[in-house]
Amino acid sequence: MSELSLSRILVANRGEIAVRVVRACREMGIESVAVYSEPDRLAPHVVLADVTVPIGPARASESYLDGGKLIDAARLTGSQAIHPGYGFLAENAVFASDVLAAGLIFIGPPPEAIEAMGEKTRARALMRDAGVPVIPGSEWVATEEEARQAANEVGFPVMLKAVAGGGGKGMRVVSEPDELASAFTRARSEAEQAFGDPRVYLERFLDRPRHIEIQVLADRLGNAVHLGERECSIQRRHQKLIEEAPAPVVDAELRDRMGRVALEAVRAVGYESAGTVEFLYVEGEFFFLEMNTRLQVEHPVTEMVTGVDIVQEQIRLAAGEPLGWEPDPAWPIGHSIECRISGEDPVNGFLPSVGRIRELEPPGGPGVRWDSGVSTGFDVGPHYDPLLAKLIVHAGDRDQAIARMRRALLELHVAGVRTTQPFHIAVMGEADFHEGRISIRYVEDHPELLAGVEEELLDAATIAAVLLEEERHGAPMIPIRPLGPTEDGQLSGWQRAFRPGAADWKAGG
Ligand code: MV4
């Protein structure tokens, strides 16, 4: 590889993604600078970096969201570039242009591309003109009467969306004409509240679509490639829980079509760097939803099935290197699944769970990747995104990947903080998931996955063993081992489980 013009990068983030970027830097012979808030003083991203800079108190607005401090830290440390990770300032066009104005490289797209994709009706028009299929819908509608006319043209049910939207805020389904008046008023005031812009538009409402997205990479010379799709439907309240590549419903022909369309989107906004074009898929049709102008949480599943290091590519591209390679026609190779391990208690409505991580034993073995932002002894606080780590597996095909993920989840041991681990174990045993029958409503369609501990299934000996385990660990036990008989390899709800070797653990389904 030719000598890169970058020798030091400031990582303007924390947690697992900051660790991921630090790792990419080290492999490329680039020094990394970690920034940290007070409670993150001993966090893994700080421990692993070459240089560290304190940037203030826990409150994100005074640390990780303070663009001025981050740019000062880059100057102070002689960094030539800033990697924003995801979240925080990653899709803030003002921050991106402030970085450029300071004479630094922003490891991401041009600010204009961030801005163009931020305004939804503008993005839709841009995409439509580029030949990208968009969901049938309207421009922004100023009055209830305009909304009614547009809804009649599009056909009920419709969805009202905020022009300044994204992430699901200010969205409203309108099933029939009667509901339009109040939905219009509410959507506008919600949009005003959330974004300071009351404008709304409408689209035909798609029921139970799949969320499928295409990963792209583009250089500043106009070369662009796509790395295929990720299936990201399994989510709750717009937080993804499980992602995989390839998508069960996408064959080579559809991948090629979606990939071409994604590259048209890239061209239309003058995109550079790594990015993701999101689609809703329903019954063989797909429609542009939005473009994420950043590195995404779920990028590893694409890395596993292509062998491309997306973060290293992103850094190379930011340094001005040409893309310089072609996608391999053999992609995707095998199958990859990612489970997000977050500090949320799935038994209690995914309530945030905070506290000290007393014990942490990550899984290992063939095809297992553990991207974590925490270590034993770390205090998980309430200030930041609850994502603790990502468990990623790669195997020959989807069935093998599910078996491998289930095996890895059963090996994982976390004590001190409740996590989404048991939810994931339940999904890996659920029939619809096995059959690839998923949609954005998968979690609400499967309330049994959240049924919680079924005490009546436990006999006295088991309860005694569980209590003993809890006492030994000084904390509520994290269920990691499905207990009791299973039918056809699936769990009926997710059951109390305990550590291998702690008591009479039998092989589950
Ligand atoms: C939709 C939709 C159904 N029909 N648009 C949610 C976030 C926002 N960016 C777009 N979203 C949706 N738009 C139409 N016309 C359903 C959703 C949606 C969704 C989309 C992707 C991933 C998760 C989702 C969860 C709920 C709703």
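Read the numbers this way: they start at 1 and go in the same order the structure lists the ligands and their atoms. Predicted, not measured: the structure shown is a model, and the values here were computed from it.
Annotation: side chain of Arg340 is in contact with side chain of Glu243 (closest heavy-atom distance under 4.5 Å). Counting heavy atoms from C-beta outward, Glu278 and His211 have side chains that approach closer than 4.5 Å. Under the 4.5 Å side-chain criterion, counting only non-hydrogen atoms from C-beta, Val132 is not in contact with Leu126. Using a 4.5 Å heavy-atom cutoff, the side chains of Leu295 and His83 are in contact.
Evaluated by nearest non-hydrogen atom to atom 17 (C) of ligand 1, the leading choice among Asn292, Val282, Ile440 is Ile440.
Evaluation of the side-chain hydrogen bond (donor to acceptor under 3.5 Å, both in side chains) rule for Asp197 yields Arg199 as partners, not counting sequence neighbours.
The nearest protein atom to atom 11 (N) of ligand 1, hydrogens excluded, is given as Met171 SD, 3.6 Å; this is a heavy-atom distance. With respect to atom 7 (C) of ligand 1, the closest heavy atom belonging to the protein is Gly168 N, 3.6 Å. For atom 5 (N) of ligand 1, the nearest non-hydrogen atom of the protein is Lys161 NZ, 2.9 Å. Of the protein's heavy atoms, His238 CE1, 3.4 Å lies nearest to atom 26 (C) of ligand 1.
For ligand 1, the atoms sitting less than 4.0 Å from at least one non-hydrogen atom of Met159 are 1 (C), 2 (C), 3 (C), 4 (N), 5 (N), 13 (N), 14 (C), numbered in the order shown with element in parentheses. Atoms of ligand 1 lying under 4.0 Å from any heavy atom of Glu203, numbered from 1 in the order shown and given with element: 5 (N), 14 (C), 15 (N).
For Arg441, the closest heavy-atom approach to ligand 1 does not fall below 4.0 Å. Put simply, part of Leu280 is less than 4.0 Å from ligand 1, judged by heavy atoms.
Residue-environment remark: CZ (Arg257) exceeds the threshold of 12 foreign heavy atoms within 6.0 Å. Atom CD of Glu444 has more than 12 heavy atoms from other residues, nucleotides or ligands within 6.0 Å.
Checked by distance only, ligand 1 and Glu290 come closer than 3.5 Å through their nitrogen or oxygen atoms. At least one N or O atom of Leu206 sits closer than 3.5 Å to an N or O atom of ligand 1. Here's the thing with Arg204: one of its N/O atoms is less than 3.5 angstrom from an N/O atom of ligand 1. The shortest N or O to N or O distance between His211 and ligand 1 is not below 3.5 Å.
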Please list every donor-acceptor pair under 3.5 Å in which a side-chain atom of residues 299-310 meets a protein atom from a residue at least two apart or in another chain.
| from | atom 1 | to | atom 2 | distance (Å) |
| --- | --- | --- | --- | --- |
| His299 | ND1 | Gln296 | O | 2.9 |
| His299 | NE2 | Arg20 | NE | 3.3 |
| Thr302 | OG1 | Arg230 | NH1 | 2.8 |
| Glu303 | OE1 | Arg20 | NH2 | 3.4 |
| Glu303 | OE1 | Arg369 | NH1 | 2.9 |
| Glu303 | OE1 | Arg369 | NH2 | 3.0 |
| Glu303 | OE2 | Arg20 | NH2 | 2.8 |
| Glu303 | OE2 | Ile310 | N | 2.7 |
| Thr306 | OG1 | Thr302 | O | 2.7 |
| Thr306 | OG1 | Val308 | N | 3.2 |
| Asp309 | OD1 | Arg20 | NH2 | 2.8 |
| Asp309 | OD1 | Val311 | N | 3.2 |
| Asp309 | OD1 | Gln312 | N | 2.8 |
| Asp309 | OD2 | Arg20 | NH2 | 3.3 |
| Asp309 | OD2 | Gln312 | NE2 | 3.4 |

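Glu244 and His335 share a donor-acceptor pair across their side chains, judged by distance under 3.5 Å alone.
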